[in-house]
Amino acid sequence: MILPIVAYGHPTLRKHAEEIDRNYPDLQQFISDMFDTMYASHGVGLAAPQVNRNIRLFVIDASPYAEDFPQEALGKKVFINPRIVEEAGEEWAFNEGCLSIPEVREDVVRKPNVKIEYYDENFEFRSEVVTGILARVIQHEYDHLEGVLFVDRINPLRKVMIKRRLGDIAKGIIKTDYRMIFPLLKKKVM
Ligand code: NI
């Protein structure tokens, strides 16, 4: 089932998401819905707060980047209760976007090497070191669980320049080909 995605300005995007355990209700269905929603909106990652669930879970499939980053294993992955334990290396800039902030893309600087511990979809514990674009997608989604958005990490001057567009997104003054919940949408009076 495809779920609606909450837009910039929605309070759930600003919360610190909560850990879950293996008995979380309908977990497998929720994971399946997360993938359906991500693919339907052509994203490479989706975090639970973006579908208005305040839990520490995100999914990724960065395979659209396979041509540009052929050395990395970019397929489907589920991260539950993840913890980034180390970030290292020389910071690099990459042009990021976000399904909750349609049509905005900005350069964000992050470190390239990430050590992450998490539980997979079967609640098996995993510890991995990832790099490059895979690390980048994980860092972006992980931020969502901390209530952080990529526009919080851009150059302050750029942030001023896109302020109005962010306000328009919150009000629903934007067209997307996927269903969204706009926090400041004014209901039309009949
Ligand atoms: Ni995002």
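One-based numbering, in listed order, for ligands and for the atoms of each. Numbers for residues simply follow the sequence, beginning at 1.
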Atoms of protein origin (N, O or S) under 2.8 Å from the Ni ion (ligand 1): C98 SG, H140 NE2, H144 NE2

Side-chain atoms of residues 157-167: list all donor-acceptor pairs with protein atoms under 3.5 Å, sequence neighbours left out, distances to 0.1 Å.
{"from": "R158", "atom 1": "NE", "to": "E106", "atom 2": "OE1", "distance (Å)": "2.8"}
{"from": "R158", "atom 1": "NE", "to": "E106", "atom 2": "OE2", "distance (Å)": "3.4"}
{"from": "R158", "atom 1": "NH2", "to": "E106", "atom 2": "OE2", "distance (Å)": "2.7"}
{"from": "R165", "atom 1": "NH2", "to": "E103", "atom 2": "O", "distance (Å)": "2.6"}

Ring pair (Phe, Tyr, Trp, His ring centres under 6.0 Å) contacts in which one or both residues fall within residues 40-81, not counting sequence neighbours: F58-F79, Y65-F94, F79-Y118

Any donor-acceptor N/O pair, S100 side chain to V6 backbone, under 3.5 Å: yes

Ring pair (Phe, Tyr, Trp, His ring centres under 6.0 Å): pairs with one or both residues in residues 159-186, sequence neighbours excluded: none

Donor-acceptor contact below 3.5 Å, side chain T37 vs main chain D33: yes

F30 backbone acceptor or donor facing D26 side chain under 3.5 Å: no

